[in-house]
Amino acid sequence: MRPRRLELGRRWRPSTMLAAVALLADDGSAFAQNTEAAHELPPIQVTGGGTSPRRKRPPTVRAVTPAPAARRIFVYPAAQAADARSMASELSVSGEALNARPFARPGEALEAVPGLIVTQHSGEGKANQYFLRGYNLDHGTDLAIHVDDVPVNMRTHAHGQGYADLNWLIPETIGAMDVRKGPYFADEGDFATAGSVHIGLIDRTEKGLAQVSAGSFGYRRLLVMDSAKIGDGSLLVAGELGTYNGPWGNPDDVRKLNGLLRYSHGTATDGVSVTGMAYVNRWNSTDQVPQRAIASGFLDRFGSEDASDGGNTNRFALSGRIARSDDLGSWKANAYVVKSQLDLFNNFTYFLGDPVLGDQFHQHDDRLMTGANVSRTLDGSFAGRPMQTTIGLQSRYDAIDLALSNTFRRGFLSNVRSDQVGEGSVGVFAENTVRWTDWLRTTIGWRGDYYAADVTSLFNAANSGHVDAALGSPKSRMTIGPFDRTEFFLGAGYGMHSNDARGATTTEDPNDPATRLSPAPLLVRTRGAEVGVRSRIIPGLDSSLSLFILDQDSEILFSGDAGNTEATRASRRYGFEWTNHYRPRSWIDVDADLAMTHARFRGYDSDQAAVYASLAGYPEAQLGNAPGNYVPNAPPMVASAGITLGEKTGWFGALRWRYLASSPLTEDNAFRSSATSIFNGRLGYRTDDGWRIQLDVLNLLDARANQITYAYGSLLKTDTLYNPCSSGAAPTSVCRTGVMDYVLHPVEPLTFRVTVAGTF
């Protein structure tokens, strides 16, 4: 049996669930309107529409200073307009609020979601790593992300299921970000177990924007954005060019080019938009390195064990949206086609598998993703009470070429597996909301999903095959109130996500065909429930508290270096989120969030106990491999706070803090990460003619912290185990495990970035 700590790209996947009760629903529009009035929000015009070695596994409108250069015109997703808030944890953040936050990379804009941490452990072209509600979400699993109604998460991806790369997103083009948490919404499907994020884009700017930034470690960025009136519509054009080296001994040498072209006409409820995007990027990457190499002086803290790691990627997308309203209600539809490619070179275990040339591997993903969605909302009544019913159809198909090979300095050594996958899905959903009284609203919904995949394994026909699966998922929500400016929420439902289709057809280990494997399920279930309260009793303060539970019959482990998937034990997560937003004056905005989660496996892991016993006599390999019930990399606490100051013109500033508590890194809790506490700041000045200058200071206190920490087995040529393992003198189980150690990727040190922008 292969030691679990050695599984690269190991990924926890949900499976079957707990029982849920509770109804919830709400169109909460009156409450939302009261909130905006009380907070004196700026007016918004609606115009339309790796896998790393360890398991890796939304917003109150926060009024802040207006758009830094040109006033932006926003598109809000139609769903948000129809149902302002139906859970205490549901919220929306405007584009101005996101861009008023200092952050290092585009994906970190998602940290506006309370309880969500976004990190980067390997290069600036790879998808971020996300943490939410006690999940190490890896590069996106169990967090569904959409941009302009186009899914970002990639199914059956070479680097990990649900891979969600946002490096192509231009933050200044964000109009609003709508966030939901939990499996309680019928229109949310794949990957939406812990939550979902829907990012809407702006349609146009009133003035053009030219912006240039420069900073520490070779950071350079140029952004140009403008819009023009064409007929009755608007054409938005945005282009971005970026470079970055980072503090690494082996510079990232990032070269990124990004573009957006968008035509829109009409409004969010009666309009149309067509959007084209193009993105290319190449980079080197300093992956996580073992702590023992840093402590011994063999590697600098910002050094790299394999300087040839890195990758290149591209993404080209075309999408269209249309929405109409009529006497019966409204309808909307969208369609998209995305062509993307990723070539990624990583080495996470150094010389564990190959003591001579090392363990670098190449993951290749080349896909064409197409999809279309349509929904119809009907306004009516039931027993004389207002009622709204929404029905919808969602479809998607991915044609994917996948390859996994062993490499040395990016040169080919040997194949592990190569596959062609065709994966399609159809989802249908229906939700019915009834406002029974002025203080009671309910929503009952149901969702059905059908998935089918054909896998052609080019090197091992035994791992080819056809697989399909279907799941039905009931949903419910309830809103009670408001009473004295306070509402209560309940929600429950079943959720799901798809697994890597290769894991659902694989019967032989690609690294060792003599080893038989049990195929993993194509679809897995989750069950969740949540209660919450949201109150504005204190003038200017919007506060919400949510208590949640998420159960899974099985978590799914995906091994990126082996290209196979297996089911593991059941788990349970429960906790709370406390979110606060306070605006005592028009020029000051304060927020503070706290999320705590208890995450544990259930049952006894007899297989891991056998692995632990096989390592007896070798404490460097045995430590951390004992059976236990801790969920590795599941953060027990996440906290953040920030203050934003300023009016439309004149001085402005921001200070933000985010905290990630110490977390278990192995099931037996023998290894724990250190806590991470980071401050970022911004200071700037805006003139009334559209000019702006600002200074961003990242890692303001120069904290010696880590972006990510893992604990797993690896082997360096300086380890005492290296010679016994390379000569065959040590037991096979020990040499497959290696030396258990902390493996980390540090936060960049104190960083300065200066931006100058002007309108035209």
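On a predicted model such as this, the values are computed, not experimentally measured, just so you know.
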Query raised in the report: Quick one: does Met277's side chain get under 4.5 Å of Trp168's, heavy atoms only?
Result: yes
Query - Minimum side-chain heavy-atom gap Leu700-Leu655 below 4.5 Å - result: yes
Does the pair [X]/[Y] count as a salt bridge with the N-to-O cut at 4.0 Å?
| X | Y | answer |
| --- | --- | --- |
| Asp326 | Arg376 | yes |
| Arg204 | Asp226 | no |
| Glu108 | Arg658 | no |
| Asp591 | Arg656 | yes |

Tell me yes or no: between the side chains of [X] and [Y], is some donor less than 3.5 Å from an acceptor?
| X | Y | result |
| --- | --- | --- |
| Ser340 | Arg315 | no |
| Tyr582 | Asn580 | no |
| Ser325 | Asp270 | yes |
| Arg396 | Gln394 | no |
| Glu647 | Ser586 | yes |
| Thr479 | Ser86 | no |

Query raised in the report: Leu98 and Ala112: which non-hydrogen atoms are nearest, and at how many Å?
Result: CD2-CB, 3.4 Å
Query raised in the report: Would you find more than 12 non-hydrogen atoms of other residues, nucleotides or ligands less than 6.0 Å from Trp657 atom CH2?
Result: yes
Query raised in the report: Could Arg753 and Tyr219 be counted as a cation-pi pair, given that NZ or CZ must be under 6.0 Å from the ring centre and within 45° of the axis?
Result: yes
**Report entry** Cation-aromatic face contact Arg534/Phe489, 6.0 Å, 45 degrees
**Finding:** no
Query raised in the report: Looking only at atom types and distance, does a side-chain atom of Asp142 sit under 3.5 Å from a main-chain N or O of Ala192, one as donor and one as acceptor?
Result: no
Requested in this report: Hey, can you tell me if His146 and His198 have their rings parallel, tilted or perpendicular (30° and 60° cut-offs)?
Outcome: parallel
